[in-house]
Every structure is written in structure tokens, then in C-alpha cells.
2 protein chains.
Amino acid sequence: MTAANPSSSSQAEFEKIDASFQMTVRDHVHRAMRSAIISGRFQPGQKINERNLAEQFGVSTTPIKEALRQLETEGLVEALPRRGVVIRFSMSWAEEMILARAALESMIAHLAAKRIDEKGKAALSVIATRMKEATASGDADSLIALNETFHDHVHKSSQCGYLAKLIERQQFYDASIRRVIHLDPTERQKALDEHVAIAEAIAAGDADKAERTMRDHVVRSGDTYLSIVFKKKGEV
Amino acid sequence: MTAANPSSSSQAEFEKIDASFQMTVRDHVHRAMRSAIISGRFQPGQKINERNLAEQFGVSTTPIKEALRQLETEGLVEALPRRGVVIRFSMSWAEEMILARAALESMIAHLAAKRIDEKGKAALSVIATRMKEATASGDADSLIALNETFHDHVHKSSQCGYLAKLIERQQFYDASIRRVIHLDPTERQKALDEHVAIAEAIAAGDADKAERTMRDHVVRSGDTYLSIVFKKKGEV
DNA sequence: ATTTCAAATCTGATATATCAAGTTTCACAC
DNA sequence: GTGTGAAACTTGATATATCAGATTTGAAAT
């Protein structure tokens, strides 16, 4: 819907401005810590000291505690009552996060295939075409952006708000590494083929195929990521 | 391992007592609020006032804020920066939580079938036998407990710590309603058949069948729950 | 040298105070 | 009556203070 829509009502309709862009201290800490953990800047089992953290960020312990609760619920740290929090992130944790994302993305792809409308199919097709172009021209940055657009569109088509949010929390790809991956022509082509297959399955309403191709895509691309970050050719 | 094990060392070995049973105020608030939300004691979109809540619980706002951050990350409430938190739970949210659990449980069942050892198979068989007995005798309380034991055992067999934790957070079954469900002989029998099928598939190492039967089980039993709680015969 | 145990210390958990953004109220102008 | 806007009020966000459980330390006992 566009900002002004005079046809349906005498009152012009505007999107409510989203307050979520506002940055609070706790969110800043949360993002910074999350990023630090998934990029390996803490050792598994390492203890986190609230006062130290607060000092490092130059804030009080209150927003620190809140950020730690969020990380705890995400499963990236573990809180031992009255003993503090320790880092819970390792290669095996990352592997499981990929599996979780594969399970959830394939479920959401299944539903998207069932629920997508004609307009959604057209939009998906446009995204796929842009991906082909960006793949051919080797535009890694565009590909990274299109990748996100593609998955977001699948989420939207599924009409699943909860699942979409849940999937977001399984994401731990780092921008710089994604760039490295997309600069490899072989990898680019694989990802393109998979995205096209997913888009076609969804557009065709083939829920089972959408589910399968999505799962394979998430697992394969996740393994590529893992093998780079953890310097190991890993099969799950 | 038993508490004392003199064979391996001159030093007696004891299980470290698990500190996780300790109840902190924030955990109490978190559980209480979670339970209240999923059992419908708040309306979707309802605003939550931190000071009111603190007063109701008779505590300060600090643990309240922490509990709200946990609920936020779980997706049960939404925090609008500097405007407070609102309830985000409705029938559609519950439906999606069931789908999420189905996706994750089927993934974990798949892995369990691949990774379970002989000892694990034997234990699973014992649980299945107990379930048959409890189903025949109509012991609802035992069935509820066995149900949990069964799923926990599948989780353990899969060797997936992260996935198991994630699944826990998709659980929103209320004890009293579970009891109602298990008191129905037809429902009991359906659940038993499904559990047996899952156990057999896992024991046979048939990962795909374990995955399918687990997903169907979670979706079907979830729908039963939904239809009771939301008083609607719901197909997803 | 090893064990014991209590004091000192550290640190997470909670309470209270302060600040600032958001909301409401209401007098005033048009 | 409607719209404007400033003051009053509410409330989330952050900071600081206090409390209590956990860990460490070190001297005394064996």
C-alpha cells in the first residue's frame, strides 16, 4: 500500500513510522555481543563479568543485564544462577543453528508455496531475474542484498510472523564472510541454481519440492560458511 | 554415574549439584508471565506496565525488565523502544509455534535415528512399553510424564543441545489441558500409535520415516490442543 | 605438605533513584 | 467546535546503591 490512498477513505492513510529504528543501549550491547560471540571473539565456556562489560561499554549494568538475558534466551550464553553467565557457542552450536534454520526455512517455504498469490509470484520472479543478472556480472554486494530480499519475500508470502522472527535468530552469517563466499563464481552459481529452483517450486505451488530445495539450500550454504569460519570441511 | 565411584580415583566423586534449580526472582516472573500469556490471561496487543507488574509481584522493576527481555526474545511480547511492551500471542501465534516445534522436532528425530546407539534403542523401547501400559490402564498423569520422557530421550539421542533448547521454547502446553486430552481414550490411543511409530522408525535407523512420523505427531497433537484452548476445530 | 575453615573479596541479584521520551490534559486562540 | 501547544504526568531507560551467595585467600592445625 502506498502512503496516500484517497480511494478507500476520506482520511489519507500513512504507514505508522516504525519506532524500532531507535537504538537503545541494551540493543546496542545485545547486537555488539551477539556479533562478537558468533564471530568467535569469546571462547566457549568463557565467563562474562557484568561490571567489566558495563565498564567496557561505558554504561551501567542495567542494560548489560538485559542484553545478557536476550543472549541467554537465544542460546548463545548460559546463565548459571548466582554464578554468572558463560559463553555457549562453538562449531557444533553453529552446526545446530544451521539445522534449525534449515528446518524452519523449509517449513516456511512449504507454507509459502501454498499461500503465495499471483502478485507475490511476480515479485519472486523479479527477484530471481535480478539474481541471475547479479550472478552473471559478479556483483557480490547486490547478491548479498538480493539474498536477503529473496528470503524475506518467501517469509512474507508464507504469512508467518512468528516463524520469520524465529528464523532471524538462527542467522549468524557475518557480512565479510558472505562477501568472500559470493566472490567465488562456483559458489555464486550454486546459490543461484538453488534460489531459482526454490522460486520455481513456490511459484508452481509445489510445497514439498519447495520444502526440500529450501532445506538443501540452507544446509549446503551453511556448510560452506562453516568450512570457512571454522576452517574445516564439515559434513553434518 | 552414581554418586560415589571409588574405582576410578581415590577421591570420591559426586555429581555437582545442579544450580539451575535455584529460583531467582526474574525466573519466577518469567515463568509466571509466560504461563499467563500462553493460557490467554492477557489480550493480544495489551500493554504491559513495568511498575504495575513489579508491584503485583512485590518486587522491584529490575527483575521485571529482565523477564520481559526473555519473553521478548521468545516472541511472546514485543518491545517498542521507549513505548513499552505489548502482548504478542494469539491463536495464529500458537499455530506457528506448533509448526516451529514440528519442524524442529522432526529434524531432531531425523538425527536421533541416525545417531542413536544400542543402549538408547533399548531405553526407547522401555519407554514405549511403559506408554502402552499407561495407555491401557488410562493413567493420564503417567502418560503426561512419559510423554516428556519420550521426547527428552529423542533429544538426547540426537545429541543436539541447541535444538533441544530451542524446542523447549516452542512448548506452550498447559498441564491441565494436557490432562484433559489424555483422559480421552481415543486421543490416548492416537498418541500411543504415533509414539510407537516414531520409536520404531528411530530404532530402525529410518531417519526419513522418523522425521515424517514425528512431524505428523506434533502437528496433529498440536491441533488437538488448539481446538480445545481456542475452542475451534482448526486445520492449519 | 595438606587440610580446614573463616575472613576478605568478588560478583550477580535486587532495590531505589534519576533521567528523558512519550502521553495526556486543558487552557487559549481562531 | 476545532486546532494548537505548553504544562503536568506517566513510564520506559539508565544509573547507582545495597544485599547476599559464591569464590578466593591465608593462617592455623595436623
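Because the structure is predicted, anything quoted here is derived from the model rather than measured. When reading the values below, keep in mind they use all heavy atoms of this one structure, side chains included, and skip hydrogens, waters and symmetry mates.
Inter-residue side-chain proximity for B:Y173 and B:S221 is flagged as met; some heavy-atom pair is nearer than 4.5 Å.
Between B:R69 and B:E66, no side-chain nitrogen of the basic residue sits less than 4.0 Å from a carboxylate oxygen of the acidic one, so the salt-bridge criterion is not met. Comment: B:K121 engages B:E118 in a salt bridge, judged by a side-chain N to carboxylate O separation of less than 4.0 angstrom.
Whole-Å rounding puts the A:I48 CD1 to C:dG12 C1' distance at 14 Å. Atom-to-atom, NE2 of B:H28 to P of C:dA13 comes out at 17 Å; the value is rounded to the nearest Å. Taking atom CG of B:N49 as the reference point, atom P of D:dT10 lies 11 Å away to the nearest angstrom. Protein atom CD1 of A:I64 is 14 Å distant from nucleotide atom C1' of C:dT11, rounded to whole Å.
Here the side chain of B:Y162 pairs no donor or acceptor atom with the backbone of A:E95 at under 3.5 angstrom.
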Q | Worked verdict on A:E78 versus B:K165 for side chain to side chain contact (heavy atoms under 4.5 Å, CB included) | A | CA-CA 11 Å; A:E78 183 172 357; B:K165 281 199 174 194; 4.1 Å; yes

**Q.** Full working for side chain to side chain contact (heavy atoms under 4.5 Å, CB included) between B:H182 and B:N147
**A.** CA-CA 10 Å; B:H182 281 100; B:N147 202 313; 3.7 Å; yes

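Between the side chains of A:E74 and A:H30, at least one donor N or O sits under 3.5 Å from an acceptor N or O.
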Q. For nucleotides 13-19 of chain D, read 5' to 3', which letter fits each nucleotide if B means a protein heavy atom sits under 4.0 Å from the base, S means only the sugar-phosphate is that close, and - means neither?
A. BBBB-B-

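When the side chain to side chain contact (heavy atoms under 4.5 Å, CB included) test is applied to B:S142, the partners found at least two apart in sequence or on another chain are B:A134, B:D139.
For B:Q22 and C:dA13, the shortest distance from a side-chain N or O to OP1 or OP2 is not below 4.0 Å.
An end-to-end axis angle of 0° holds for the helix from C:dA1-D:dT30 to C:dC30-D:dG1, taken from five base pairs per end and rounded to 10°.
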